[in-house]
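Each remark here refers to the structure printed beneath this line.
Just so it is clear, the structure is predicted and the values come from calculations on it, not from any experiment.
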Amino acid sequence: MQQASLLSAASALGPRARPVRSAPARDLWWLAAVAVVFTACLLYSALVTPGLGWDEAVYVSQVDPHRPAAFFSAPRARGVSYLLAPAAALTTSAPLLHCYLAVLSGAGLLLCLCVWRRLLPAPVPALGGALFAGLWVTLFYGPQAMPNLWVAYAALAATGCFLRAIRQPPRQLAPRAGRGAAAGLAAAVAFAALMRPTDAVWLAVPLFAAALCVPAWRRPAVLLGLPAGLALGCAEWVAEASLHYGGLLARLREAGRIQGGLGWHLSFDDHARALQGKTLCRPCHLAWDHPEAAVWWFLLPLAVIGALWVGLRLRESGGAPHGYGAVWPSARRAGRHPLGLTPVPPDGLRRITAPADGTGPAGTTTRGRPAWSGVRLREPAGDRHGSGPAPLVMAALVGVCLAAPYLLTVDYAAPRFLLPAYALLLMPAAWFLSWLTRLPRRRHGWAVAALVLVLLGHEVVQLMIVHRMVQSTARAQTGIDRIAGMLRDAGVRPPCVVSGEEAVRVAYRAGCASRQPSGHDAGISPAALARLGAHRPAAVLLLTGGKPPTYARGWRPVPLRPVPGLARLSAYVSPPARP
């Protein structure tokens, strides 16, 4: 019997044996296809969206050289602004900024899925990535300047790097592979902290606890890299807290106050109702008119539980839930995986190839099958880390930890908050769906067909929701442009100040500063705003019929024409504003 490495195994086969494309190459093509389709959908949304949302205007204004920076409240972090800085230095066009983010989002998805290539069977990362990319929440926020999708990418990459770091690779690759995975873990956690520091804490805690509590997973590089990455990513946010908020604890208290006060608030039903197409449900008195939009939300926990149950049962039985560890003897003799999934050799494994006549070891044959199908794999000592279904368990654990604060402590719902949890939980869910399709097809062929139809129906619902939301957003942002134009006609031109309803978006479009004397973004007193309005053009926007605030009662009223997608507004402009 002739032995060959993975790289030279094809050359060891005889002329009658056909070369087989490696599983990693097939995986990469599937992952690339998911990322390309995802990017194409995001580019369509980017091109039809003419302006920036409220949160987007805040983040972009921090790095826009031509407009004043909007008020930056305590819960926000500057990671999105740093991400936008290269593009904002060249252009302030909203469609171009959205296209820039759409391309980055597609590349980020591909990078994160590649981390999981050898952690789960071939189709699972592609299926999990497709399910995540197909959610309307992902498609809607993919091209937007918002931090939650980037936290999701960081969480997916960090968990994958953690699983790679705790594996025991071959001895000759151990130092370099272990350090690379640990460095990727620290970088992913730092990136998450740069985007949303509180989410990064909920990401790092379960990973650190798992590495500390499981003896076989205690890697010094992991135990040091996690806190180092978290500290590096949070450094800017903590320094800003000391300079502008009176310290870290004061900023955390202010952030909790802006979010309505953190406490014991069960918001499961709020998040389910918000999946009908509501970006912010605060307070969430939304009628449940389209329950079909949340069916997947209730099925996701069941799929994750099913994946854990099957994976743990296989581990107890000596099976290999994702190609690592021992394979059932009966399955090995039959030349198949117990789950029906083709086993993927871990990094560094060598396959034992058969002679050219197709006769394998111990009388087995490899003709018509991949060279390592049904053949005993030579597994170097120390290659298995003994984690069993570790990818399934860790993805579920970290996903639940990331979802817990928003489901249990915040009394309102925004679907984007749970994007990091969805990215992780859909990995074990995808594994479970893949396992279902590999059941004996003679008896369960109808179930496979039904599963495919259900997934297609789910995706149709998601695309309908995101299409409706993109069209509604485009109408509202066109209305913001018209209001900004009417204020310019009334004499509100830079340097100017805008306050009141929709102040952030209107001010950004008009080239003005936005200042609020009250509310969550209060950054100026009424008296200071009145003094400011005495020296430069200023405007306060009110709902039609509302009384002007005290500081603006001597200002000139300006009727604003109604615009689609927004409530009807009226304006009061200060004396320096001249039509």
Side-chain angles (χ1 to χ4, degrees), residues 24 27-28 31-32 34-35 38-39 77 79-80 82-83 101 103-120 124-133 138 141-142 147-167 177-197 199-208 210-211 217 219 221-222 225-230 232-234 347 390-399 401-403 418-428 430-431:
D27 295 357
L28 187 58
L31 300 182
V34 171
F38 177 59
T39 305
V80 175
Y82 297 150
L83 190 68
L101 289 173
V103 174
L104 286 185
S105 296
L109 178 65
L110 178 60
L111 179 63
C112 295
L113 294 180
C114 285
V115 176
W116 286 77
R117 282 176 64 195
R118 293 184 176 89
L119 296 173
L120 292 172
V124 174
L127 178 59
L131 291 174
F132 177 68
T138 311
Y141 287 106
N148 308 90
L149 181 61
W150 300 101
V151 177
Y153 289 160
L156 199 59
T159 307
C161 288
F162 172 85
L163 291 165
R164 284 174 174 265
I166 63 173
R167 289 174 59 185
R179 286 196 300 265
L185 171 62
V189 172
F191 185 77
L194 200 61
M195 293 292 168
R196 286 183 71 88
D199 283 1
V201 172
W202 287 99
L203 167 64
V205 165
L207 295 177
F208 188 85
W217 294 359
R219 306 287 190 272
V222 172
L226 274 169
L230 186 63
L232 180 64
C234 292
D347 294 344
L392 308 179
V393 174
M394 289 307 303
L397 174 63
V398 179
C401 289
L402 286 168
L418 296 183
L419 275 172
Y422 296 153
L424 285 163
L425 294 177
L426 282 170
M427 283 299 168
W431 183 90

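In this structure, the side chains of Leu185 and Leu207 come closer than 4.5 Å at one or more pairs of heavy atoms. The side-chain heavy atoms of Pro420 and Leu203, taken from C-beta on, include no pair separated by under 4.5 Å. Looking only at side-chain heavy atoms (C-beta outward), Val115 and Phe162 stay at 4.5 Å or farther from each other. For the pair Met427/Leu113, a side-chain contact is recorded, criterion being any heavy-atom separation below 4.5 Å from C-beta on.
Contact record, Ala35 with Gly106: CB-O, 3.7 Å, taken as the closest heavy-atom pair. Across Ala423 and Leu156, no two heavy atoms sit closer than the pair O-CD1, 3.5 Å. Annotation for Ala186 and Gly225: closest pair CB-O, 3.4 Å, computed over non-hydrogen atoms. Across all their heavy atoms, Val151 and Met195 have their closest contact at CG2-CB, 3.7 Å. In this structure, Cys114 and Leu28 approach most closely via the heavy-atom pair SG-CD1, 3.8 Å. In plain terms, the two heavy atoms of Ala165 and Ala182 that are nearest each other are CB-N, 4.2 Å.
Scanning for side-chain contact (heavy atoms from CB on, under 4.5 Å) contacts around Leu104 gives Leu83, Tyr100, Trp150, with sequence neighbours left out. A search for ring-ring contact (aromatic ring centres under 6.0 Å, His included) contacts involving Trp116 returns nothing, not counting sequence neighbours. Listed by chain and number, the residues in a side-chain contact (heavy atoms from CB on, under 4.5 Å) with Val201 are Val205, Leu230 (sequence neighbours excluded).
At least one donor-acceptor pair under 3.5 Å links the side chain of Tyr153 to the backbone N or O of Ser105. At least one donor-acceptor pair closer than 3.5 Å links the side chain of Thr138 to the backbone N or O of Phe132.
Between atom CG of residue Leu392 and atom CG of residue Leu425 there is a gap of 12.0 Å, rounded to the nearest 0.5 Å. The line from CG of Leu424 to OG1 of Thr159 is 4.5 Å long, rounded to the nearest 0.5 Å.
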